[in-house]
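Below is one structure; the comments refer to it alone.
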Amino acid sequence: MKMKISSSFRITNEALLILLLFFIIFLPPLLKISMPYIVTVSIFVFIALSELQKRFLFIHGNYGLYLLSSFFPFIFFVLFQVSLNVLFSATDKEVSEYIYNIVHIAMSFFYIIIVYMFLRVFLKRCVYTTYVDLTKWIVFAGLLQGIFIFLSLLNDDLHMRFLSFFLDNTYNQEMLNAVYLNRWRAHGLSGYYLDNLAYILSGISLVSVLKGIDEKKPIYFFIGIFIILAALIGARTIIVLAFVGIIVVSAYYTKVTHIVTVFKWIAVVTLSIVVVYYFVTLLSDGVRMWLETGIKAVFSLFSGEEKASAFSEILGNDIVIPDNILFGLGAKPESLGYFDMDGHAIDNGYIQMLWRFGLIGTLFFVFGLFRFYAKIFYSTKKKLLKGIIIVFSFVMGLYFFKYYPLSTYGAHVVYFVLPAVMSAIYKEKEC
């Protein structure tokens, strides 16, 4: 039986949840302390102080662990791999890198389960909502980031103020160097920029497009296009992710039953083209040329012509296989002196996983990802949730060609926590 709550109470909690999701997903480094740890500790305290019965936490924690158990073979393999490496490693440098690798993986999965528990507790205590509303709040959190991106694009002072938080408070030297060298396309208020931010926003934008089609609300389609354009300012990766994602969405929703629906969506697409054209006119000549180069690279990729820019890197120079292909190195290859053919860091996520976990560990991870999504897909009859699972599978599979998949905590919230919470609420028949 659902509780009756006032509209002001609901609006207040919805606004609070949107802001919380913004910080949980984008982790803006406002303080000189690691934001994932701040968020994790804060959420942990919230759950610990919750007035809910322990039985609720136990039941829903168990469901989250049930979903994540798909990755247990991968986690056990990495623990075994790191243990052997630490026992037989030759230097302190190698030991520290092996330990760092397992701590980073442990933190990734702990972040997933703690955010999952937080959303379950918060929704139960404060909102008592349907699973459909959660997609709305995730989309609005992405919309808020998109607004920050465009505001910083139009205002140089605001751009430098946002960027100063990242440059002053981020400890990851590799990310700092990348953002500093490409600061002209690092916009918004976030702990992630460039391709990492595009990866997060591509997932949110496609959820918005799916939601607009599923609920027959064009406003969400426009929001999705807006978020895609915002992400495009920082990374051309979203050209491929969004293009393929929208094709998958279109294929998933092919049945059109009313002529009015056809004309409505023709109008939506036409208006979107106008918005895109206006967006391009706002860009500087340098950004516009950079985007044109990326678009040409995409067409060359599909046409079989000579590869360009990043595609030649991830599909060519990055293809460096470790000597121990079965078990890998057990750490980030660059940290121990291994690079691509040009002496640069290896971007390709699949090759990174081969170096870190070997073929066995990589297959365990891919199998875990497949089982995680399969459990959710077959547990629901909701077309929106099934569509999200299908689209996320394609987007993640593509993104892994570009970057290592476990490096972005905020993306875990979109690609793992969101479908898991939606599945949990649906199983409770709260919608």
Side-chain angles (χ1 to χ4, degrees), residues 1-3 10 14 17-18 21 25 56 59-60 62-70 112-113 115-124 127-143 202-221 223-224 227 244-258 261 265 369-397 411-431:
M1 180 178 176
K2 292 189 177 183
M3 302 162 38
R10 176 178 289 276
E14 286 185 353
L17 184 55
I18 291 168
L21 284 170
I25 294 171
F56 175 83
I59 290 173
H60 296 290
N62 274 356
Y63 184 71
L65 287 174
Y66 160 74
L67 293 176
L68 282 183
S69 66
S70 303
I112 292 171
I113 193 64
V115 173
Y116 168 85
M117 286 299 303
F118 163 73
L119 289 176
R120 297 297 293 119
V121 171
F122 189 93
L123 294 178
K124 194 75 173 180
V127 183
Y128 205 88
T129 184
T130 70
Y131 88 108
V132 174
D133 289 329
L134 180 60
T135 59
K136 177 178 70 175
W137 298 322
I138 291 280
V139 167
F140 283 177
L143 174 62
S202 63
I204 296 176
S205 66
L206 292 170
V207 168
S208 188
V209 172
L210 271 167
K211 186 176 177 67
I213 297 174
D214 186 80
E215 299 176 12
K216 297 180 175 58
K217 295 180 178 178
I219 183 63
Y220 285 106
F221 184 88
I223 292 174
I227 295 173
V244 173
I246 289 177
I247 288 177
V248 174
V249 169
S250 302
Y252 186 66
Y253 286 96
T254 52
K255 187 177 180 181
V256 179
T257 57
H258 202 283
T261 304
W265 285 107
L369 185 63
F370 174 79
R371 273 198 81 209
F372 175 83
Y373 280 145
K375 286 179 180 179
I376 297 175
F377 185 88
Y378 290 110
S379 71
T380 180
K381 295 180 181 178
K382 295 294 182 180
K383 194 169 186 179
L384 176 60
L385 181 51
K386 284 181 177 287
I388 288 174
I389 294 299
I390 293 172
V391 171
F392 279 5
S393 299
F394 277 91
V395 169
M396 293 182 75
H412 302 339
V413 179
V414 176
Y415 291 95
F416 294 109
V417 178
L418 170 63
V421 175
M422 289 176 67
S423 174
I425 297 176
Y426 172 72
K427 284 177 70 67
E428 287 185 347
K429 302 185 185 301
E430 292 182 356
C431 54

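Contact check for I138 versus I25: side-chain heavy atoms found under the 4.5 Å cut-off. In this structure, the side chains of K211 and K136 come closer than 4.5 Å at one or more pairs of heavy atoms. With contacts defined as side-chain heavy-atom distances shorter than 4.5 Å, the pair I388/M422 qualifies. Residues L134 and V421 have side chains in contact (heavy-atom distance under 4.5 Å, counting atoms from C-beta outward). Residues I223 and F140 form a side-chain contact, since some pair of their non-hydrogen atoms from C-beta on lies under 4.5 Å apart.
Of all non-hydrogen atoms in G224 and V209, the two that sit nearest each other are CA-CG2, 4.2 Å. The two residues V395 and S202 come nearest to each other via the heavy atoms CG1-OG, 4.0 Å. Counting all heavy atoms, side chain and backbone alike, A141 lies closest to L21 at CB-CB, 4.1 Å. The two residues I112 and V417 come nearest to each other via the heavy atoms O-CG2, 3.5 Å.
How far OH of Y116 is from OG of S423: 7.5 Å, rounded to the nearest 0.5 Å. Rounded to the nearest 0.5 Å, atoms CZ (F416) and CE (M396) are 3.5 Å apart. If you take CG on L17 and CH2 on W137, they are separated by 5.5 Å, rounding to the nearest 0.5 Å. Rounded to the nearest 0.5 Å, atoms CG (L385) and OG1 (T135) are 10.0 Å apart.
When atom types are taken as modelled, the side chain of S393 and the backbone of I389 share a donor-acceptor pair closer than 3.5 angstrom. No side-chain donor-acceptor contact under 3.5 Å links T380 to the backbone of F377. For S208 (side chain) and V139 (main-chain N/O), no donor-acceptor pair under 3.5 Å exists by modelled atom type.
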Inset, instruction - Mind running side-chain contact (heavy atoms from CB on, under 4.5 Å) on V413 and L418 for me, showing each step along the way? - result: CA-CA 6 Å; V413 179; L418 170 63; over 6 Å; no
Inset, instruction - Give the C-alpha distance, both sets of side-chain angles, the deciding distance and a yes or no for side-chain contact (heavy atoms from CB on, under 4.5 Å) between V391 and F394. - result: CA-CA 5 Å; V391 171; F394 277 91; 5.9 Å; no
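Ring planes of F392 and Y415: tilted class, angle from 30 to 60°.
The closest side-chain donor-acceptor pair between K375 and S69 falls under 3.5 angstrom.
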